[in-house]
Novice: 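Let me give you the structure first, and then I'll get to my questions.
Order of the sequence lines fixes the chain letters, A, B, ..., with proteins taken first and strands second; residue numbering starts at 1 for each chain.
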Amino acid sequence: MSEKKEEVVSEALKAEEKLRSMWYILDLEGRLVPLDKFEFKGHENLRIYSGYEIEKDRTVTQEPPHISLMRSLELVDYESASDPGNFRYYPKGRMVKALLEEYVTDMVLDYGGMEVETPIMYDMKHPTLAKYLHRFPARQYTIEHDDDRYFLRFAACFGQFLMAHDATISYRDLPLRIYELTKYSFRREQRGELAGLRRLRAFTMPDVHAMCRDLPQAKKEFLRRYKLVEDTLTGIGFDVNKLEMGLRMTEDFWKENRRFVRSFVKRFGKPVLLELWKERFAYFILKYDLNFIDALDKASALATDQFDVENGERYGITFMDEDGHEKHPIILHCSPSGAIERDIYALLEKAHMEMQEGMRPMLPMWLAPSQVRMIPVSEEHIAIAEDYAKKMARRRIRADFDDRSETVQKKIRDAEREWIPYIIVLGEREVGAERVPVRVREDGKIHQMPLKELVSEIKKKVKGRPYRPLPMPMSVQRRPKFVG
RNA sequence: GCCCCGGUAGCUCAGUGGCCAGAGCGGCAGCCUUGUAAGCUGUUGGCCGCGGGUUCGACUCCCGCCCGGGGCUCCA
């Protein structure tokens with residue numbers, strides 16, 4: 001091969017390959033238990049996450065259930081005209097994603113994050129970045145233009161650090177919290193690692209950094225951020241108690257901060273997988289991630305936070321301390337929800353698992369593309385259905401009406417297949433009636449109630465979450481089919 | 001990236017080394033005027049993933065590529 005294309009493989013990638021580390025379970029009593037000694041009974045997901053699974057019979061190797069769901073619900077789809085791992089979002093999917101983006105952003109702003117926006121591509125020759133590239137275990141997309149070579153960011157760190165480098169910061173400003181929702185972060189993952197929405201090459205990641213004065217302040221901030229993580233994941237619709245924590249740190253950090261680490265695990269409330277490194281090979285000395293276990297027993301990280309002791313110096317980020325000396329901050333890197341796409345993946349997988357348990361699969365109420373479907377019994381009732389839908393829309397509820405010339409049964413079936421939480425059939429009996437028959441997906445029963453009551457029930461369920469209007473026409477008749 | 005499996009209509013899928021490649025769903029047209037998970041009839045619709053090769057003849061066999069899934073690995 002005369003013109004072999006040199007691939008930029010970061011040193012961190014190579015370093016990781018020969019990394020020496022030890023694995024334990026750190027339990028609630030603060031004991032370090034080697035994996036083969038830990039009693040996993042009652043901690044099945046931790047066993048799966050730890051990779052300590054005894055050969056399970058998986059004769060059927062199947063594709064993750066969220067893949068057919070993301071398509072059949074018309075949320076997301078492959079785009080074969082792009083690079084693999086770059087997806088298209090249909091109107092409903094865009095709405096779900098936008099709501100998640102807004103929600104996570106709201107949470108971070110509440111926490112005190114200052115939202116910024118930075119470029120998505122950077123000069124490979126930039127001295128600071130070139131070094132950082134080699135500290136991050138990811139493959140880049142590169143863009144060449146004449147003699148210049150750029151890479152697409154794989155996280156929000158670059159822009160924020162360069163910004164912080166130029167800022168004048170006093171110790172009084174710390175912890176300094178900077179936030180960006182990267183749309184997108186790009187990582188050119190190995191082809192075989194891509195899987196539906198679980199692992200992409202372009203993804204949307206909220207990234208909050210906190211510049212801290214010293215280790216004690218960083219530890220305090222770290223715990224505050226853990227609350228942000230917990231609240232965000234819970235607010236999205238996850239049960240944090242069902243996630244598994246991976247904690248990684250250097251042996252030195254463990255030795256010097258045992259009490260802190262133990263109390264953190266206690267705070268989490270379950271035993272965690274702990275990886276100890278003999279020496280620091282990465283830019284961080286501690287990191288954790290919260291992992292979701294999907295329908296096929298695959299684990300993938302959602303939220304994460306890290307203690308970075310290297311980039312303050314590498315990027316020349318300084319603050320003026322009380323003693324009049326310039327110092328480098330410790331930087332915490334956190335994604336409170338993990339990638340937004342991955343949240344969608346996890347929500348779909350969760351719904352699938354619930355379906356297997358005999359429940360009707362649903363998205364959280366605030367994310368349901370259509371929350372209420374009005375079904376007129378015959379043509380004469382379309383007007384009332386439309387009227388009711390509009391009434392609800394005025395109360396910021398996503399309601400629509402099925403004005404197609406189909407049987408009531410067919411329309412109900414279709415609404416159920418869309419996972420619509422509430423279905424109301426409207427006919428002669430409902431004209432001028434006080435109450436309407438609401439078919440509630442959650443319990444599968446029909447509840448007679450005034451529209452008003454349904455409005456307040458929905459309001460209660462979506463409280464504190466952002467709102468977006470119906471992402472398509474209110475008339476079901478007037479909607480294209482994006483999939484099948 | 002490597003190994004294995006797959007790609008046929010918008011969707012799900014059947015099919016054969018050779019006459020015009022099939023079904024269901026969907027779309028469209030008409031009928032029906034519907035009461036809590038699929039009403040009836042008709043009709044439309046296919047570079048059989050792309051390129052090359054073998055062959056009298058390829059959707060079918062071979063090679064390469066692209067796309068998807070699984071495994072290895074890895075992460076948000």
Side-chain angles (χ1 to χ4, degrees), chain A residues 7 9 12-13 16-17 51 58-64 67-68 71-72 74 77-85 104 136-139 154-156 182 184-207 246 287 289-292 296 298-306 333-346 360 373 375-382 402 404-418 420 423-430 437-441 444-447 480-484:
Chain A
E7 193 202 352
V9 174
L13 259 189
E16 242 182 31
E17 279 168 20
R58 278 209 225 145
T59 42
V60 213
T61 50
Q62 38 185 336
E63 74 169 27
I67 292 181
S68 63
R71 303 189 64 239
S72 63
E74 292 197 313
D77 213 336
Y78 299 107
E79 176 50 79
S80 60
S82 182
D83 192 46
V104 174
F136 201 93
R139 292 173 168 83
F154 39 83
T182 65
Y184 293 102
S185 281
F186 297 91
R187 297 184 189 177
R188 207 157 188 300
E189 308 292 5
Q190 297 188 76
R191 189 62 187 76
E193 290 170 350
L194 303 175
L197 283 170
R198 186 202 309 143
R199 194 91 190 273
L200 299 166
R201 279 183 174 169
F203 55 96
T204 306
M205 188 171 58
D207 207 347
K287 113 177 210 182
D289 37 55
L290 289 178
N291 297 271
F292 174 81
L296 301 180
K298 298 261 196 184
S300 44
L302 297 176
T304 180
D305 205 354
Q306 312 169 352
H333 301 232
C334 172
S335 184
S337 61
I340 302 295
E341 294 82 353
R342 192 170 273 185
D343 291 323
I344 299 175
Y345 139 82
R360 288 172 197 76
R373 165 76 41 93
I375 297 184
V377 170
S378 74
E379 271 170 40
E380 306 138 51
H381 311 108
I382 292 178
D402 192 342
R404 293 173 307 162
S405 168
E406 298 286 353
T407 60
V408 170
Q409 297 190 60
K410 174 67 178 289
K411 291 191 247 192
I412 287 170
R413 175 180 156 85
D414 288 345
E416 293 286 6
R417 277 154 50 105
E418 282 182 55
I420 298 175
I423 298 169
I424 303 177
V425 175
L426 297 167
E428 265 338 290
R429 303 206 286 264
E430 285 67 39
V438 181
R439 182 175 160 126
V440 181
R441 184 172 177 79
K445 295 194 179 116
I446 294 167
H447 302 250
K481 276 201 163 48
F482 288 99
V483 182

Novice: Counting side-chain heavy atoms from CB outward, which of B:U12, B:U36, B:A37 is closest to A:Arg71?
Specialist: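 Side chain of A:Arg71 sits closest to B:U12.
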Novice: Does RNA chain B take part in any stems of at least 3 consecutive Watson-Crick or G-U pairs (both distances under 3.5 Å), and if so, which ones?
Specialist: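 Listed by first number, the stems are B:1-7 with B:66-72, B:10-13 with B:22-25, B:27-31 with B:39-43, B:49-53 with B:61-65.
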Novice: Can you tell me how far P in B:G10 sits from the matching atom in B:U44, rounded to whole Å?
Specialist: 15 Å
Novice: With heavy atoms under 4.0 Å as the rule, sort A:Pro84 into base, sugar-phosphate or nothing.
Specialist: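 The residue A:Pro84 makes sugar-phosphate contact but no base contact.
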Novice: Could you check whether any side-chain heavy atom of A:Ser337 comes within less than 4.5 Å of a side-chain heavy atom of A:Arg342, counting everything from C-beta outward?
Specialist: no
Novice: Looking at A:Arg139, I'd like to know whether one of its side-chain N or O atoms comes within less than 4.0 Å of OP1 or OP2 on B:C75.
Specialist: no
Novice: Can you tell me, in whole Å, how much space there is between the P of B:C40 and that of B:C65?
Specialist: 49 Å
Novice: Looking only at heavy atoms, what is the nearest atom pair of A:Thr182 and A:Ala155, with distance?
Specialist: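 Heavy atoms only, the tightest pair is CG2-C, 4.3 Å.
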Novice: P atom, B:U60 versus B:G6: distance in rounded Å?
Specialist: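 Rounded to whole Å, the distance is 14 Å.
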Novice: State, with a plain yes or no, whether a side-chain heavy atom of A:Ser300 is found less than 4.5 Å away from one of A:Tyr345.
Specialist: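 Yes, their side chains come closer than 4.5 Å.
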Novice: Do A:Pro64 and A:Lys298 have side-chain heavy atoms sitting under 4.5 Å apart?
Specialist: no
Novice: Start at the 5' end of RNA chain B and walk down; is the nucleotide closest to A:Asp83 or to A:Gly338 reached first?
Specialist: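 Looking at the nearest nucleotide for each, A:Asp83 comes out on the 5' side.
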Novice: Which whole number of Å gives the distance between the C1' atom of B:U8 and that of B:G24?
Specialist: 15 Å
Novice: Using atom CG of A:Leu194 as one end and atom C1' of B:G71 as the other, report the distance to the nearest whole Å.
Specialist: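 Distance, rounded to whole Å: 15 Å.
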Novice: Can you tell me how far C1' in B:G42 sits from the matching atom in B:C32, rounded to whole Å?
Specialist: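 The same atom, C1', in both gives a distance of 15 Å.
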Novice: Restricting to non-hydrogen atoms, name the atom on A:Leu194 and the atom on A:Leu200 that form the minimum distance, rounded to 0.1 Å.
Specialist: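 Heavy-atom minimum between the residues: CD2-C, 3.9 Å.
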Novice: Taking ring pair (Phe, Tyr, Trp, His ring centres under 6.0 Å) as the test, write out the residues that go with A:His381, two or more places apart.
Specialist: none
Novice: Return the value, rounded to whole Å, for the distance between atom CZ of A:Arg429 and atom P of B:U34.
Specialist: 12 Å
Novice: Does the side chain of A:Arg187 reach to within under 4.5 Å of the side chain of A:Met205, using non-hydrogen atoms?
Specialist: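 Contact flag for A:Arg187/A:Met205 side chains = yes.
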Novice: Looking at the side chain of A:Arg198, which of B:U73, B:G70, B:A76 is the nearest nucleotide?
Specialist: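 The answer is B:G70.
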Novice: Where the side chain of A:Ala195 is defined as all heavy atoms beyond and including C-beta, which of B:A37, B:G70, B:U73 is the nearest nucleotide?
Specialist: B:G70
Novice: Taking only N/O atoms, report every protein-nucleotides 44-50 of chain B pair under 3.5 Å with atom names and distance.
Specialist:
none

Novice: Looking at A:Asp343 and A:Leu302, what are the two nearest heavy atoms and their distance?
Specialist: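 In this case the closest contact between A:Asp343 and A:Leu302 is OD1-CD2, 3.8 Å.
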Novice: Check every strand shown and say whether A:Tyr78 touches a base, only sugar-phosphate, or nothing at a heavy-atom separation below 4.0 Å.
Specialist: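 Contact class for A:Tyr78: sugar-phosphate only.
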Novice: Given the P atoms of B:G70 and B:G39, what is the spacing between them in whole Å?
Specialist: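 So the two P atoms sit 35 Å from each other.
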Novice: Specify the separation, in whole Å, of atom CD of A:Glu63 and atom C1' of B:C67.
Specialist: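 That distance rounds to 13 Å.
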Novice: Contact class for A:Val408 (heavy atom, under 4.0 Å): base, sugar-phosphate, or nothing?
Specialist: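 Sugar-phosphate contact only.
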Novice: Reckon A:Ser300 touches a base, only the sugar-phosphate, or nothing at all at heavy-atom distances under 4.0 Å?
Specialist: base
Novice: Roughly how many Å is it from CZ in A:Arg187 to C1' in B:C75, rounded to a whole number?
Specialist: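 Computing the A:Arg187:CZ to B:C75:C1' distance gives 7 Å.
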Novice: Suppose we screen for side-chain hydrogen bond (donor to acceptor under 3.5 Å, both in side chains). Which residues come up paired with A:Thr204, at least two apart in sequence or across chains?
Specialist: A:Lys97, A:Glu341
Novice: Going 5' to 3' through nucleotides 23-33 of chain B, assign each nucleotide B (protein heavy atom under 4.0 Å from a base atom), S (under 4.0 Å only from sugar-phosphate atoms) or - (no protein heavy atom that close).
Specialist: ---SS----BB
Novice: Within the structure provided, determine whether A:Val425 and A:Arg439 are in side-chain contact (heavy-atom separation under 4.5 Å).
Specialist: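 A side-chain contact is absent here, since even the closest heavy-atom pair is not under 4.5 Å.
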Novice: Taking the side chain of A:Pro64 as heavy atoms from C-beta outward, which of B:G70, B:U34, B:A37 is closest to it?
Specialist: B:G70
Novice: Taking the same atom, P, in B:C62 and in B:U55, what whole-Å distance lies between them?
Specialist: 16 Å
Novice: Just wondering, do A:Arg201 and A:Tyr184 contact through their side chains at under 4.5 Å, heavy atoms?
Specialist: no
Novice: Side chain of A:Arg441, heavy atoms from C-beta onward: which of B:A76, B:A37, B:U36 has the nearest atom to it?
Specialist: B:A37
Novice: Between A:Glu193 (CD) and B:C75 (C1'), how many Å, whole number?
Specialist: 8 Å
Novice: Closest-nucleotide mapping onto RNA chain B: is A:Leu290 or A:Lys411 further toward the 5' terminus? I mean the 5' end.
Specialist: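 Result of the comparison: A:Lys411.
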Novice: In whole Å, what separates the P atom of B:G69 from that of B:U12?
Specialist: 13 Å
Novice: Would you mind reading off the distance between A:Asp289 atom CG and B:A76 atom C1', rounded to a whole angstrom?
Specialist: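 Rounded to whole Å, this separation is 9 Å.
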Novice: Indicate yes or no: at least one non-hydrogen side-chain atom of A:Glu418 is less than 4.5 angstrom from one of A:Glu74.
Specialist: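 Result no, sub-4.5 Å side-chain heavy-atom pair not found.
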Novice: Base, sugar-phosphate, or nothing for A:Ala299, non-hydrogen atoms under 4.0 angstrom?
Specialist: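 Here A:Ala299 touches the bases of the nucleic acid.
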Novice: With sequence neighbours excluded, tell me which residues meet side-chain contact (heavy atoms from CB on, under 4.5 Å) with A:Arg360.
Specialist: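 side-chain contact (heavy atoms from CB on, under 4.5 Å) list for A:Arg360, sorted by chain: A:Arg441.
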Novice: Classify the nucleic acid contact of A:Glu430 as base, sugar-phosphate or nothing, counting any heavy atom under 4.0 Å across all strands shown.
Specialist: base
Novice: Is A:Tyr184 near enough to B:A76 that one of its side-chain N or O atoms lies under 4.0 angstrom from OP1 or OP2?
Specialist: no
Novice: Counting side-chain heavy atoms from C-beta on, which of B:A38, B:G35, B:U36 comes nearest to A:Ile446?
Specialist: B:U36
Novice: Just N and O in the side chain of A:Lys298: are any of them under 4.0 Å from OP1 or OP2 of B:G71?
Specialist: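 Checking B:G71 against A:Lys298, a side-chain N or O does come within under 4.0 Å of OP1 or OP2.
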Novice: Reckon A:Gln409 touches a base, only the sugar-phosphate, or nothing at all at heavy-atom distances under 4.0 Å?
Specialist: sugar-phosphate
Novice: Rounded to the nearest angstrom, tell me the gap between atom CG in A:Asp414 and atom P in B:U36.
Specialist: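 Answer to the nearest Å: 16 Å.
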Novice: Looking at A:Asp414 and A:Arg373, does any basic side-chain N land under 4.0 Å from a carboxylate oxygen?
Specialist: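 No, no charged N to carboxylate O under 4.0 Å.
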Novice: Indicate, with a heavy-atom threshold strictly under 4.0 Å, whether A:Lys287 touches base, sugar-phosphate, or nothing.
Specialist: sugar-phosphate
Novice: Counting side-chain heavy atoms from C-beta on, which of B:G70, B:U36, B:A76 comes nearest to A:Phe203?
Specialist: B:A76
Novice: Base, sugar-phosphate, or nothing for A:Leu200, non-hydrogen atoms under 4.0 angstrom?
Specialist: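 Contact class for A:Leu200: base.
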Novice: What is the separation between atom CD on A:Gln190 and atom C1' on B:G1, rounded to the nearest whole Å?
Specialist: 5 Å
Novice: For A:Gly338 versus A:Pro206, what's the shortest heavy-atom pair and its separation?
Specialist: O-CD, 3.3 Å
